[in-house]
Amino acid sequence: IIDVALSKYCDLIPIERYAQIAYRQGLEDLPAQSLIGLTHHLANFLLEVYIKLKLEVQKSKIIQADETPHKMLEGDEKMNWFLWGFFCKTACCFEIHDTRSGDVATSFLKDSLAEFLLTDGYAGYGKSIKELKEKYNNEVGEVFCNAHAYRYFEEASTTWKDECAPFLELYGKIYELEEQKNKSPSTEAITFRQMMLPHFESIKTECEKQQQSAMPHSGLSKAINYFLNHFSGLTKCLINPDIPLDNNLSERELRAPVIGRKTWYGNHSKRGALTSAILFSIVQSCKLNNINPRKYFPWVVELIHQGKAPLTPSEYLNIIKST
């Protein structure tokens, strides 16, 4: 059962293809539908791990989030669902919902200890942060992804090369400082972040200079407006060196589910959606901690069979380090 589940959620092999491979190996009585049912049982068996992963993310002061379309092929009248991901340094938690409303983020964050939320700037998160303050008195700082800002200028440079050159050069200097920060003692981290401020201010000045002359609705105009409209969130990382410069972690963790979506197109039931959320959360949390899922899954299953409380991948890593 573990092999079937990890072939899909770790190696991204559709279960129908897994059954065909097994058939060619001489195992002729492995109907794909039965194998899919077994992955549901495994997800249910590991539900407590999933709940602990959610709590692990919610306890983090800095949470990163992203979302992507996810089809519900049947089992619901609404076909366009969304895969939501919430991440911290040690864990990730996926949820699948039939909406892209910021209410999903509010529901996840209202019981969290988050002080900062890092996103790509989607307005739904802004709505959520406002609602958290008004309804739950939770102050969460909105942080935006500098990789998005950089990519907008990079994409615009194919047409507006000279205009975008100063933006790309200044962002290059910012990321050079980030690389130095990551190689230096943690006590020096804030210094490198403070050294970025003049570069951010120079980008802002150049944006304001070019804003009026940029062709409306062009790639250049989009890049300039994104930076100016999100300046406060893009520079929030300067006040706390623990805040990532960009949201690349979220994008990396979403990559496997996105590739999987292209292979098997979506889910066929709400039960399948929950199984996907649970098993992808555990697998990607293993990868986040540089743990082989094929070692962790048998270990945690055996732990549960022994009547012991299951441990998350980061907790498992701590045991490995201590021994």
Side-chain angles (χ1 to χ4, degrees), residues 4-18 32-33 35-44 46-47 49-51 53-54 57-58 63-87 91-112 117-129 131-132 145 148 247 249-285 287-288:
V4 172
L6 291 184
S7 292
K8 178 173 181 178
Y9 293 101
C10 182
D11 301 322
L12 308 179
I13 298 172
I15 290 180
E16 290 81 359
R17 191 180 302 165
Y18 182 97
Q33 200 60 38
L35 298 181
I36 292 170
L38 292 176
T39 66
H40 298 336
H41 287 296
L42 179 62
N44 186 62
L46 297 176
L47 180 60
V49 177
Y50 175 74
I51 293 171
L53 284 173
K54 181 174 181 177
V57 177
Q58 288 176 324
I63 295 178
Q64 297 177 237
D66 205 353
E67 79 295 326
T68 186
H70 191 92
K71 295 292 184 183
M72 181 65 71
L73 301 174
E74 52 190 307
D76 189 74
E77 60 183 20
K78 198 170 183 180
M79 186 176 183
N80 295 320
W81 284 46
F82 294 87
L83 175 72
W84 291 75
F86 300 93
F87 314 94
C92 70
C93 179
F94 291 109
E95 296 182 352
I96 299 178
H97 296 277
D98 65 353
T99 178
R100 201 187 176 203
S101 166
D103 293 341
V104 175
T106 302
S107 177
F108 188 93
L109 294 168
K110 65 183 176 65
D111 297 318
S112 77
L117 177 66
L118 172 54
T119 73
D120 59 7
Y122 166 54
Y125 294 111
K127 173 193 171 186
S128 174
I129 285 176
E131 193 172 33
L132 286 167
C145 174
H148 272 74
N247 202 26
L249 181 147
S250 295
E251 295 183 7
R252 286 195 303 270
E253 292 299 297
L254 275 173
R255 188 171 295 136
V258 167
I259 293 172
R261 176 187 67 199
K262 293 178 180 178
T263 307
W264 54 76
Y265 306 116
N267 288 116
H268 292 272
S269 67
K270 294 179 182 178
R271 171 68 254 191
L274 179 59
T275 293
S276 294
I278 292 171
L279 295 181
F280 264 132
S281 295
I282 300 173
V283 167
Q284 292 306 117
S285 292
K287 294 178 181 179
L288 195 57

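The first residue of the sequence shown is numbered 1, and numbering continues consecutively from there.
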Task: Heavy-atom pair of closest approach, residues Trp81 and Ile96 - done: CE3-CG2, 3.7 Å
Open item on the list: With rounding to the nearest 0.5 angstrom, report the OG1 to CZ distance, Thr68 to Arg100.
Closed with: 9.0 Å
Open item on the list: What's the separation between atom CD in Glu251 and atom CG in Asp66, rounded to the nearest 0.5 Å?
Closed with: 6.0 Å
Task: Ala256 to Lys287 - nearest heavy-atom pair and separation - done: CB-NZ, 4.5 Å
Task: Val104 vs Glu95 side-chain heavy atoms within contact, under 4.5 Å - done: yes
Task: Partners passing ring pair (Phe, Tyr, Trp, His ring centres under 6.0 Å) against Tyr18 (at least two apart in sequence or in another chain) - done: none
Task: For the student: nearest non-hydrogen atoms of Ser281 and Cys92, plus distance - done: O-SG, 3.5 Å
Task: Derivation of the side-chain contact (heavy atoms from CB on, under 4.5 Å) call for Gln284 and Phe87 - done: CA-CA 10 Å; Gln284 292 306 117; Phe87 314 94; over 6 Å; no
- [ ] Evaluate the criterion side-chain contact (heavy atoms from CB on, under 4.5 Å) for residue pair His268 and Gln33; output intermediate values, then yes/no.
- [x] CA-CA 11 Å; His268 292 272; Gln33 200 60 38; over 6 Å; no
Open item on the list: Using modelled atom types and a 3.5 Å cut-off, is there a donor and acceptor pairing between side-chain atoms of Lys127 and backbone atoms of Gly102?
Closed with: no
Open item on the list: If the condition is side chain to side chain donor-acceptor pair (under 3.5 Å), which residues does Asn247 pass it with, not counting sequence neighbours?
Closed with: Gln64, Ser250
Task: Distance-minimising heavy-atom pair for Asn267 and His70 - done: OD1-NE2, 2.5 Å
Open item on the list: Does Cys93 form a side-chain contact (heavy atoms from CB on, under 4.5 Å) with Phe108? I'd like the steps, not just the answer.
Closed with: CA-CA 10 Å; Cys93 179; Phe108 188 93; 4.0 Å; yes
TODO: Please name the pair of heavy atoms, one in Glu253 and one in Phe94, separated by the smallest distance, quoted to 0.1 Å.
DONE: O-CZ, 3.5 Å
Task: Tyr50: partners by side chain to side chain donor-acceptor pair (under 3.5 Å), with sequence neighbours left out - done: none
- [ ] Using the six-membered ring wherever Trp is involved, compare the ring planes of Phe280 and Trp264 and label them parallel, tilted or perpendicular (cut-offs 30° and 60°).
- [x] parallel
Task: Backbone N/O of Gly272 and side chain of Ser276: donor-acceptor pair under 3.5 Å - done: yes
TODO: Could you please spell out the steps behind the side-chain contact (heavy atoms from CB on, under 4.5 Å) verdict for Leu83 and Arg261?
DONE: CA-CA 10 Å; Leu83 175 72; Arg261 176 187 67 199; over 6 Å; no
TODO: Nearest 0.5 Å please: distance from the OG1 atom of Thr119 over to the CD1 atom of Ile63.
DONE: 12.5 Å
Task: Approximate separation, where rounding is to 0.5 Å, of Leu46 CG and Ile282 CD1 - done: 4.5 Å
Open item on the list: As an exercise, state the distance from NZ of Lys54 to CG of Asp111, rounded to the nearest 0.5 Å.
Closed with: 8.0 Å
Under 3.5 Å, side-chain donor or acceptor atoms of residues 36-43 against the rest of the protein: list the pairs with distances, not counting sequence neighbours.
unit_1: Thr39; atom_1: OG1; unit_2: Ile36; atom_2: O; d: 2.5
unit_1: His40; atom_1: ND1; unit_2: Thr275; atom_2: OG1; d: 2.8

TODO: Would you please name every residue forming a side chain to side chain contact (heavy atoms under 4.5 Å, CB included) with Glu131, sequence neighbours left out?
DONE: Asp103, Thr106, Lys135
Open item on the list: For Tyr122, give me all partners under ring pair (Phe, Tyr, Trp, His ring centres under 6.0 Å), at least two apart in sequence or on another chain.
Closed with: Tyr125
Task: Non-hydrogen side-chain atoms of Trp84 and Glu67 separated by less than 4.5 Å - done: yes
- [ ] Could you tell me which non-hydrogen atom of Ala91 sits nearest to which non-hydrogen atom of Leu288, and how far apart they are?
- [x] N-CD2, 3.4 Å
TODO: Could you grab the distance from atom CD1 of Ile13 to atom OG1 of Thr263, nearest 0.5 Å is fine?
DONE: 10.0 Å
Task: Worked verdict on Lys71 versus Asn80 for side-chain hydrogen bond (donor to acceptor under 3.5 Å, both in side chains) - done: CA-CA 5 Å; Lys71 295 292 184 183; Asn80 295 320; 2.5 Å; yes
